Amino acid sequence: MDAFDDIIGQETAKRFVHTALVKGSLYNLFVSGPRGVGKRSFAFTLAQTMGCYPGAPNLLLIGPISSKLKEKQPDKIEDCMKQYLPENQVIKMEDRSSIIIEQIRNLIGRLMTMPAAGTKTVALILEADRMTEEAANCFLKTLEEPPVDTVFILTSSRPDRVLATIRSRCQTIRFHYLKDNEIARVMIDNRDQFMLGSPGEIMMLQLNERMSAAESIFASCPLSMRQAAETTRRHENDNAAELLYPLLLLYRLTYLQQLGMLADPAAMIKNKASRISTAKTLNALSLLNKSLISLEHNPSRLLLLLDVFAHLP
């Protein structure tokens with residue numbers, strides 16, 4: 001059995017890696033593509049084919065850590081990395097999680113003590129687009145002159161936010177959304193009601209405690225200013241992204257319904273699509289998308305939520 005058989009879809013990526021392994025031409029990889037389509041699983045599987053297993057000293061794992069982590073000692077950071085292990089199907093990151101320079105310096109220090117030759121070492125950097133500027137510049141120096149028998153595997157859902165100089169020093173593998181039949185092989189209930197093409201995002205939504213709240217807000221909009229203020233206060237302590245993202249998806253379904261692209265839409269989607277114009281739906285999508293992006297820059301949550309709830313159609 002091939003180690004990559006458990007990776008659903010992404011046949012082009014798998015063929016590329018198979019060929020590179022056979023030819024011995026595999027070097028630093030940059031795996032980019034949408035969230036939740038198997039990039040992390042693929043990276044761990046590739047590392048294992050080179051003899052680098054989770055927990056082994058020759059697999060070095062880096063991922064974003066929460067801004068709430070006050071102590072940046074290696075053991076504290078190492079504990080944070082456990083959430084990225086392959087047995088965890090869903091990873092929940094806060095809006096301002098990032099890869100910091102302390103992690104890159106620790107990586108460099110560990111690489112300097114690895115065997116000089118004969119033993120492969122894989123440094124797996126998940127969500128590389130979340131490196132801080134100083135972490136990215138520090139990492140670039142190591143990537144330019146990598147240690148012997150070391151392969152870096154980077155993943156990213158936002159490749160445009162990774163330094164071009166880092167991307168240029170890697171082989172790029174692009175992942176894509178999964179097809180309906182591929183989704184059915186992953187999901188127990190075989191449903192992709194949001195037409196995401198991403199098993200990881202579907203599972204995240206199934207676990208999202210804010211989903212019912214998002215549906216309630218969606219059905220109630222448009223809100224008066226007083227209702228918007230009350231809704232803002234009610235959700236001011238919630239994870240804003242977990243509330244706004246489902247709203248974005250609901251308005252996306254509304255737009256698809258207005259285009260006649262949904263075969264069996266839910267009643268709330270049909271109702272919304274018939275009550276508002278396509279232009280208003282597009283404005284809602286733009287508003288929610290911009291708001292989700294701005295969350296990474298630590299805005300006033302109250303003002304951001306109030307602005308969203310006051311303007312959704």
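The structure displayed is predicted, hence computed values, not measured ones.
A donor-acceptor pair is defined here as one N or O able to donate and one able to accept, closer than 3.5 Å; such a pair exists between the side chain of Gln171 and the backbone of Tyr27. Thr19 places a side-chain N or O within donor-acceptor distance of the main-chain N or O of Arg15, the cut-off being under 3.5 Å. Looking at Tyr53, its side chain never comes within 3.5 Å of a backbone N or O of Ala47 through a donor-acceptor pair. Side chain of Ser41 to backbone of Gly38: no donor-acceptor contact under 3.5 angstrom is found. Checked by atom type and distance alone, the side chain of Asn239 pairs as donor or acceptor with a backbone atom of Ala241 at under 3.5 Å. A donor-acceptor contact shorter than 3.5 Å is absent between the side chain of Glu127 and the backbone of Gly63. Thr232 places a side-chain N or O within donor-acceptor distance of the main-chain N or O of Ala228, the cut-off being under 3.5 Å. In this structure, Arg167 contributes its side chain and Pro159 its backbone to a donor-acceptor pair below 3.5 Å. Under a 3.5 Å cut-off, the side chain of Glu145 and the backbone N or O of Thr142 do not form any donor-acceptor pair. In this structure a side-chain-to-backbone donor-acceptor pair under 3.5 Å is present from Ser294 to Ser291.
Residues Thr49 and Val17 are not in side-chain contact: their nearest non-hydrogen atoms beyond the backbone lie 4.5 Å or more apart. A heavy-atom distance below 4.5 Å is found between the side chains of Leu243 and Ile217. Proximity of Leu253 to Phe218: side-chain heavy atoms (C-beta onward) are nowhere separated by under 4.5 Å. With a 4.5 Å cut-off on side-chain heavy atoms, Arg301 and Glu236 do not count as touching. Looking at Phe44 and Leu61, their side chains come closer than 4.5 Å, going by heavy atoms from C-beta outward. Side-chain contact between Leu60 and Val122 is absent, with no heavy atoms from C-beta onward closer than 4.5 Å. Looking at Ser32 and Thr172, their side chains come closer than 4.5 Å, going by heavy atoms from C-beta outward. Using a 4.5 Å heavy-atom threshold, the side chains of Leu154 and Val31 count as separate.
Taken from CG in Leu304 to CG in Leu295, the straight-line distance is 5.5 Å, to the nearest 0.5 Å. Within the model, atoms CD of Gln257 and CG of Asn271 stand 11.0 Å from one another, a figure rounded to the nearest 0.5 Å. One distance of note links OG1 of Thr231 with CG of Leu223; it measures 5.0 Å at 0.5 Å rounding. Atom-to-atom distance recorded for Asp307:CG and Ser300:OG is 11.0 Å, nearest 0.5 angstrom. From Leu85, atom CG reaches atom CZ of Arg40 across 8.5 Å, with rounding to the nearest 0.5 Å. Separation of atoms CG (Leu287) and CG (Leu312) is listed at 5.5 Å; rounding is to 0.5 Å.
Shown here is Arg174, whose CZ atom has no more than 12 heavy atoms of other residues, nucleotides or ligands within 6.0 Å. The number of heavy-atom neighbours closer than 6.0 Å to CZ of Arg169, taken from other residues, nucleotides and ligands shown, is above 12. Counting non-hydrogen atoms of other residues, nucleotides and ligands closer than 6.0 Å to CD of Glu133 gives a total of 12 or fewer. Within a 6.0 Å radius of CZ in Arg158, other residues, nucleotides and ligands contribute more than 12 heavy atoms.
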Item to check | Stepwise salt bridge (charged side-chain N to carboxylate O under 4.0 Å, His left out) check, Arg233 with Glu230 | outcome: CA-CA 5 Å; Arg233 285 295 183 187; Glu230 291 173 348; over 6 Å; no

Checklist entry - Could you walk me through whether Cys170 and Leu29 pass the side chain to side chain contact (heavy atoms under 4.5 Å, CB included) check? => result CA-CA 5 Å; Cys170 301; Leu29 290 180; 5.9 Å; no

Next on the checklist: Run the side chain to side chain contact (heavy atoms under 4.5 Å, CB included) test on Leu124 and Tyr84 for me, step by step, so that the C-alpha distance in whole Å, both residues' side-chain angles and the decisive distance to 0.1 Å come before the verdict.
Outcome noted: CA-CA 11 Å; Leu124 178 52; Tyr84 296 110; over 6 Å; no

Item to check | Lys82 vs Asp79, side chain to side chain contact (heavy atoms under 4.5 Å, CB included): CA-CA, chis, key distance, verdict | outcome: CA-CA 6 Å; Lys82 293 177 182 177; Asp79 284 341; 3.5 Å; yes

Next on the checklist: Checking Lys141 against Asn137 for the side chain to side chain contact (heavy atoms under 4.5 Å, CB included) test, could you report, in this order, the C-alpha distance in whole Å, the side-chain angles of both residues, the deciding distance, and whether it holds?
Outcome noted: CA-CA 7 Å; Lys141 296 175 183 178; Asn137 289 325; 5.8 Å; no

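By the rule that hydrophobic residues join a cluster once side-chain heavy atoms approach within less than 4.5 Å of another member, Leu306 and Leu247 end up as members of separate clusters. A chain of hydrophobic side-chain contacts below 4.5 Å, direct or via other Ile, Leu, Val, Met, Phe, Trp or Tyr residues, connects Ile153 to Phe16. One hydrophobic cluster holds both Ile125 and Met112 under the rule that ILVMFWY side chains link at heavy-atom gaps under 4.5 Å. Under the 4.5 Å side-chain heavy-atom criterion for ILVMFWY residues, no single connected hydrophobic cluster contains both Ile62 and Ile101.
Closest approach of Pro64 and Gln83 over heavy atoms only: O-NE2, 4.2 Å. A pairwise comparison of heavy atoms in Leu126 and Ile99 identifies O-CD1, 3.5 Å as the closest pair. For Ile65 against Cys80, the heavy-atom pair with the smallest separation is CG2-CB, 4.0 Å. Contact record, Leu282 with Tyr255: CD2-CE1, 3.6 Å, taken as the closest heavy-atom pair. Contact record, Pro222 with Gln227: O-OE1, 4.4 Å, taken as the closest heavy-atom pair. Residues Val37 and Pro34 approach most closely at CG2-O, 3.2 Å, considering heavy atoms.
A donor and an acceptor atom, one from each side chain of Lys39 and Ser157, are located under 3.5 Å apart. For the 3.5 Å distance criterion, the side chains of Asp129 and Ser156 qualify, holding a donor opposite an acceptor.
Taking the ring centroids of Phe152 and Phe30, they lie at or beyond the 6.0 Å cut-off.
Figure legend: cation-pi geometry between Lys272 and Tyr251 absent, as NZ or CZ is not positioned both under 6.0 Å from the six-membered ring centre and within 45° of its axis.
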